[in-house]
Each structure stands twice: as structure tokens, then as C-alpha cells.
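Data first, discussion second: the structure below is written as C-alpha cells.
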Number of protein chains: 2
Amino acid sequence: MKKFAIVGYGNIGKACAKRLKNLRDVELVGIFSRRDITSEFAPVYPQKSIFDFSLEVIICTGSANDVTELAKKLVCNFNTVDSFDTHAKMREYVEDMDRLAKEHGHLAIVGAGWDPGIFSLARALFFGVTGVDAQTFWGPGVSQGHSEAIRRIEGVEDAVQYTIPIDGAIERIRRGETGLSDRQKHRRVCFVALKRGANRDAVREKIVSMPNYFAPYDVEVNFVEKEELKAHAAMPHAGIIMGRDKEGQSNLELSLKLKSNPEFTSGVLVSYALAASKLDMTGAYTLPELPVSILLDDVMKFV
Amino acid sequence: MKKFAIVGYGNIGKACAKRLKNLRDVELVGIFSRRDITSEFAPVYPQKSIFDFSLEVIICTGSANDVTELAKKLVCNFNTVDSFDTHAKMREYVEDMDRLAKEHGHLAIVGAGWDPGIFSLARALFFGVTGVDAQTFWGPGVSQGHSEAIRRIEGVEDAVQYTIPIDGAIERIRRGETGLSDRQKHRRVCFVALKRGANRDAVREKIVSMPNYFAPYDVEVNFVEKEELKAHAAMPHAGIIMGRDKEGQSNLELSLKLKSNPEFTSGVLVSYALAASKLDMTGAYTLPELPVSILLDDVMKFV
């Protein structure tokens, strides 16, 4: 019986718990959280008590500010799988995890979600066979990172941000255009609930001028009541990776449409966690560095 | 300087030769053929003389009847990469190649084309993260295997066969339908040039009743002059792999559109041949069994 644990219990953590609970030959030993939570799927323990347990794999969910620090501690004691998704910090994080994992004889699978994750694999493959960088579009869908960036603004009670490909932009890439700017590829639509007494204009200005996150895009800001944000709870997402050789002779596209981003991400995490529990490897690996056959009992069925 | 050779010099062989010729740090030592051919890209030698050369990797192109026997001899002496594409014989072929490659300390990359190849990888990945078999559609495009099957019929001078997805079938799968028959997924359109004196009706009957290849499909047979087949020389192809979880919440699609099937296949072959020349591995591997990072200098750029 393989013993798994989940650290962090947000949307992805819950979806992972449900999946692990429904699997044979797997024991979900516990959910480890710093918060005072309950779970229908497994006992809940304080996060720090995890080091008292003997476990096969820890799934460290999410990309909260401190997930990298926590994961680095965990990988010294266990095999880990995570869906860390801050692209800009990925290289440094993987290097740290790789060093620690090797020092302690463990395996870390890093960025096992859809992007980074499945999309990383597609970008790497498409470049590998065409020699040209692939183009990525995200949406229409909810970006957790951008929603969170709005929530951190003073005066904001809650927020949901939709990333939406610009009409016609995907067709322009298909026709072979290059060099589209951020603004020409995506727009951003925000639904923001303010705290009592907050200033709309000040919040709007802080959103649209935020470097990297919003400044390079056309941004629509809609102020709504907190109650209205419940209509945006589903967290759908979508995206497409477009590969094309220099002559435009060969075109590859991977597209993804998700009714629930956490649901799909948990599927990726749990699949790779099961694989990790069977592998005899040490070090940290992203999805393009692992053969997809590790997910399967009989890969030849799919060749 | 890595030394490569090409065995077999059809459309894929030529496209591979051109690619290798244009690469730095690569020497295309020769083209080895049983036929009396010339090449603008490298010296041509009799096929059997290949064993006199010291080479890094042999690219054995195509899936002719004897390619498996030839490849099994080659892998005892060299690393090999091929785009063998007879799905039904794949498992046995890989097992044989794996045993021989390991016995002789070589690496064989098998089925490095688009299907088997890139599509195998997608099918394996989509099943791996959804737990449900993906659906494959081929076309619209020219199937070499089906064209060749027609050419072997007595009285046929030359032939080209187009595989075409049935209108609306891809949409039915997207809506969650399952259990579509072969006939409901694809139709087959043939352009056939007859030898002088051949009987149209007899040839048509032999085509439409051919087991596996044509009998399970609606088939359109068009008889044309040999000259007219030149209009069908481009060999475009296309296809789509559709993955979907049990609840229909997550949908993944990999689609491919190729103006020239041999051109794209040669890109895959040469990419994996370059990777093979750098890897320190023995045995036979299909694409889902290899990390895509072997194609790249710096995988983290794509994560």
C-alpha cells in the first residue's frame, strides 16, 4: 500500500484528496494544513507534524508564497510532487529542489499541472521537432495568479480575473504572423468586490498600472458586490500551444478546455504522484524531462 | 563531428538527407540504397556496404516490407532511428529491437514519425492524465500505407488514397459521444491509374472488399490517367488526438496539419537522431518512453 499525503488544502488539495481516496492500493494518510480545517477524505493534521509520518509521496498543492520553502523542507524527507506555477521562479526552484532531492535520495516532480506541466511538455516537443518557438494562448478562463494579485490591493475584498485571447489573434498566428505584442494576444477582464469605503478609481488605477500582470494589456475592471462573485466560482480555463515550422509547412496545436482548472490539475498531480511512488530516481524533474510512459502500465497500447 | 547515414532513399530519406546536410557539427557520411540512385546531398553506396563504415546513427526510413529485418541487422552494429509505422507489428518489432540493441550495446529509437510518434506520445499522455482512451482521427490527407495497398492490386499502375474524417464526427466526439464505428469516423477516397487492359470493375471490387484497409469504410474509387496523379504528389496529411476525462470536464486535443508528410516525418526523425547521438542508453524506445528534453539544450526555457 503506497502512502500519500497532501500538504495545503485549497481547491487543488481537495480535488487531489478526492482522487486519492477513490484509488485502490493507495492510502491517503492525511491532510496537513496550517489552517483549522476538516476533510471528508482523510484525517487532518497540523502541517509541521508531517515529519513524524512515513510516507511515499507528498503532494504540495498550489503556488502560495511559501510553497517553495515548504517543498524544499519536504523533499529532504519524502518524494514530492507539486504544481508550482510561477514561470519566472521555476528555474531557480527546480535547481534548489534538484540539489536537495539528490542530497537526500528523493524524487521531486515539479510543475505537474497544465502550465507549467502539460503545456511545458508540448512547447518543448514542438520546438524540438520544428526548431521554432511555439506560441501560447491562455483562456478564456480564470487566472488564479492574476485574481490573487488584485486581492492583494488595499481596499479589495475579493476578485476574479478572466484571461481572454484577443478575437482573431489565434487565426493570425495560424496564418503565420509573428511578433504579436502581449496586448495583441490577450485581454484581461476583472470582477472586483471592494471593502466598505474603498475608492473605486484608486483601485482601478492600481490594477491597470500593475507591471507585468496588467500594464501590458487592455484591462476591463467591473466592480461587483461580493455576493455576485459566487457566480464566478467554477474556475474554468483553456489554452492553446501553437507550433509551426519556419516554412509554415507543418502546424501543431495542443488545445485544452477545462470546466474546472483545479479538477484537471489534481488529475495531473495524482497521475504523476502515482508514477513517482513507483520510480527509482532521485533529483527534481519537470514534465518534459520525464517520459510519459511512467504514467502507464503498458505504453505499447498507445504507440 | 557526429557521423550519420541514411538507409533507404524515398521521400522521407531525401527529406532527412537535406536536413542533415544543413546542420552544423553533423556529417552525412552516405546514403545506402539497394537501388541505383544518385543524391545531391551525400555519396551513395550499396546498402550492404554500410557495415564497412563507422557511424553514430543510421536513419532507416520508411516501413517497407523488409525494413524490420534490415533494422534488426543494423542495430547490432549502430544506433538506429526509424519511423516504422505498422501499428499492428509495433509491439513485436520493439521487443526484437530492444533485445538486439541491449545485446550489442546500442540505442534504437523506433516509430519516430507523427503516428506512431508524436501521436503515440499524445495518446499516452492523454490517457495518463484522464484515465480514458483518446480518440484518433486521421486526415484529410494521403495515407502511404493505403496507397501502397492499392498499388499491389493486379492491374493497378499507380494510386493515391486520401483518408478523410467524416463530416461532423469530430464534433460528435467533442460532445462526448463514444462508440463510433470505423465507417462513422473516416471515409476513403482513391485515385487509381490502371495498366493498359485492366478491368475497372474487378479492381474497384478488390479495393472496396480489402479487409482492414477498405472493407470497414465507405470508399470512393476514381479512375484517372497516370498523368493526372501528378496533381496528387504533395502528400499532405493531418490528424487529431482527442482526450477527454470520464465526466467530460477536461478536454485535450492535439492537432496536426502537414503540407508534406515526409517533410514533417523527416524533421521528427532527424531531431531524435541528433538526440540519439548524444544519449548514453541501450535498448529500443518509442517516443512516449523518452523524455522530450532529450531534443533540447535547455529544457527550462520551455517549462
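Keep in mind the model is a prediction, meaning the values are calculated, not measured. Residue numbering restarts at 1 for every chain, and letters A, B, ... go by the order of the sequence lines.
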If you count heavy-atom pairs within less than 4.5 Å of chain B, which of [options] leads?
options: A/Ile118, A/Leu125, A/Leu258; result: A/Leu125
options: A/His237, A/Arg244, A/Lys257; result: A/Lys257
options: A/Leu274, A/Val110, A/Val299; result: A/Val299
options: A/His87, A/Arg91, A/Met90; result: A/Arg91

About how many Å separate [atom2] of [Y] and [atom1] of [X], when rounded to the nearest 0.5 Å?
X: B/Leu256; Y: A/Leu252; atom1: CG; atom2: CG; result: 4.5 Å
X: A/Leu254; Y: B/Phe126; atom1: CG; atom2: CZ; result: 5.0 Å
X: B/Glu92; Y: A/Met300; atom1: CD; atom2: CE; result: 10.5 Å
X: A/Glu253; Y: B/Ser255; atom1: CD; atom2: OG; result: 4.5 Å

Would you say the side chain of [Y] lies within less than 4.5 Å of the side chain of [X], judging by non-hydrogen atoms?
X: A/Leu121; Y: B/Leu121; result: yes
X: B/Glu247; Y: A/Glu263; result: no
X: B/Pro288; Y: A/Val303; result: yes

Side chain / backbone / both / neither for B/Asp297 at chain A, heavy atoms under 4.5 Å: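 The answer is neither part of B/Asp297.
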Portion of B/Tyr272 that has a non-hydrogen atom of chain A nearer than 4.5 angstrom: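 Contact with chain A: side chain only.
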Highest number of heavy-atom pairs under 4.5 Å with chain A: which of [options]?
options: B/Thr286, B/Thr136, B/Asp115, B/Ile240; value: B/Thr286
options: B/Leu295, B/Val129, B/Val270; value: B/Val129
options: B/Ala238, B/Ala124, B/Gly267; value: B/Ala124
options: B/Gly131, B/Ser271, B/Gly248; value: B/Ser271

Neighbour count above 12 (heavy atom, 6.0 Å) for B/Lys18 NZ: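 Check fails, neighbour count at 12 or below.
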Salt-bridge contact B/Lys259-A/Asp245 (side-chain N to carboxylate O under 4.0 Å):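 Looking at B/Lys259 and A/Asp245, the cut-off is not met.
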